[in-house]
Amino acid sequence: MRVLAHFDRAAGQAAESIALEPGGGAVIGMIPARQVVRVARDGAVQVLVTMPLPPGGGGTTPVVGDPVVTGVARSDSGAVHFLYSAGQGGLTGIWQIRRSGEPRLVVPLPADTMPNALVIDGERDRFLVTDSTGGRIWQAPLRGGEASVWSADPSLAPGGFFGANGLKVHDGAVWASNSDHGTIVRFPVTEGGGAGRAEVRARGLEGIDDFDFTGWGTEILAAINQTSKLVRVGSDGAQETLLDAEDGMQGTTAVVVRGNRAYVTNGANLVGNDSCLLIAELQRR
């Protein structure tokens, strides 16, 4: 395992999400800094955008209070999108970074939502977004416009803080983590693109944030923010801790797998001060 880039935690750069780019770089969302940054293959960090504070300075974002940038996604064309949760209409929603570098709101979301993970579902030309405090998954067209609730299943509901958090589309289904309940839930996608019946596929992962599939069936790597761990979850639900605090995990927030590499972010938002992007080699079994 090696650290590709360290971030300025004192300046609010708590790494929250990862979108990989061709060539080994990545785009990262930074929570309280309200930033999206690009990390080059050599570890150089470039701030792409810093979102403005809401009028009045914020303080109305559900549960967390402060306005935050959370999920990021990169389209096949190279367009970078990200989520801003500001507790105010006209700011909360899905944004795109234009070629000029200026952000543009493409999908507004209600002020009382806490958008967290952002996924581009290319097969159905839509965005999917978890709403951590509302316990919902939203959908919206890639061209922009109005969002609608894709699922408000009880399995997505919070238990006091965050419910639905991480999100992936995999093998004809939408998968979401629930931080408060420590679960990963699978929703088969119906023929019309709707949500089928929810099925809990993993339990005992309290504090889970983001996750990704390793490429071996439905085997998952899960970032456990609360206990600073990276956990392997087998297709049968069996769990194994791969990295923990002794390996340098500090408030582990996100993981993305490409080939035999896992890109992992530490947010250091609950413990420690080393917000960073790491790369770990996966050992295939």
Side-chain angles (χ1 to χ4, degrees), residues 1-20 26 28-33 35 37 39 43 45 63-64 66 68-72 114 116-117 130 132 158-168 175-184 202-214 219-234 237-258 261-283:
M1 182 181 69
R2 64 184 177 93
V3 176
L4 181 59
H6 293 278
F7 307 117
D8 188 349
R9 184 64 185 88
Q13 289 188 334
E16 155 65 13
S17 52
I18 307 167
L20 296 184
I28 310 287
M30 298 289 177
I31 311 175
Q35 292 177 340
V37 308
V39 179
V45 179
V63 178
V64 299
D66 294 331
V68 290
V69 165
T70 50
V72 292
M114 174 63 205
N116 201 325
T130 52
S132 291
F161 185 64
F162 276 3
N165 194 327
L167 187 69
K168 290 292 184 293
W175 301 63
S177 61
N178 185 312
S179 295
D180 284 348
H181 297 289
T183 53
I184 298 175
R203 301 180 187 273
L205 297 166
E206 285 75 12
I208 184 174
D209 200 318
D210 186 32
F211 64 94
D212 199 11
F213 293 87
T214 65
E219 182 182 71
I220 286 170
L221 295 186
I224 313 298
N225 194 335
Q226 188 170 299
T227 53
S228 301
K229 293 180 180 178
L230 184 69
V231 175
R232 188 200 309 264
V233 182
Q239 298 172 21
E240 174 191 6
T241 297
L242 302 181
L243 299 171
D244 59 19
E246 293 185 359
D247 302 299
M249 298 292 100
Q250 293 185 5
T252 315
T253 48
V255 56
V256 175
V257 177
R258 176 176 286 174
R261 286 184 170 180
Y263 292 73
V264 184
T265 45
N266 280 330
N269 53 347
L270 298 176
V271 62
N273 58 12
D274 187 14
S275 175
C276 58
L277 173 64
L278 307 99
I279 300 177
E281 298 293 330
L282 289 179
Q283 300 298 317

Does [X] reach the main-chain N or O of [Y] with its side chain, forming a donor-acceptor pair under 3.5 Å?
X	Y	result
Asp180	Gly159	yes
Thr183	Arg203	no
Gln250	Asp274	yes
Thr241	Val231	no

Going from [atom1] on [X] to [atom2] on [Y], what distance comes out if it is rounded to the nearest 0.5 angstrom?
X	Y	atom1	atom2	answer
Ser17	Asn116	OG	CG	8.5 Å
Thr265	Asp209	OG1	CG	7.5 Å
Thr252	Ile224	OG1	CD1	8.5 Å
Asn178	Phe162	CG	CZ	11.5 Å

So, for [X] and [Y], which heavy atoms are closest and what is the spacing to 0.1 Å?
X	Y	answer
Trp175	Phe211	O-CZ, 3.5 Å
Val233	Gln239	CG2-CG, 4.2 Å
Met30	Val37	CE-CG2, 3.6 Å

**OP:** Can you spot which of Asp212, Asp210, Leu242 makes a side-chain contact (heavy atoms from CB on, under 4.5 Å) with Leu221?
**Re:**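 So the option named by the test is Leu242.
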Original post:
Are Leu277 and Phe7 side-chain neighbours, meaning at least one heavy-atom pair lies under 4.5 Å?
Top reply: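 Yes, their side chains come closer than 4.5 Å.
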Subject >> Within-4.5 Å side-chain heavy-atom neighbours: Ile28 and Ile18 >> reply: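 Heavy-atom side-chain distance check passes, below 4.5 Å.
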**OP:** Could you please spell out the steps behind the side-chain contact (heavy atoms from CB on, under 4.5 Å) verdict for Glu16 and Val69?
**Re:** CA-CA 8 Å; Glu16 155 65 13; Val69 165; over 6 Å; no
Subject >> Verdict with reasoning, Met249 to Lys229, per side-chain contact (heavy atoms from CB on, under 4.5 Å) >> reply: CA-CA 6 Å; Met249 298 292 100; Lys229 293 180 180 178; 5.9 Å; no
Subject >> Between Ser275 and Gln13, a side-chain donor and acceptor under 3.5 Å >> reply: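 No donor-acceptor contact under 3.5 Å links the two side chains.
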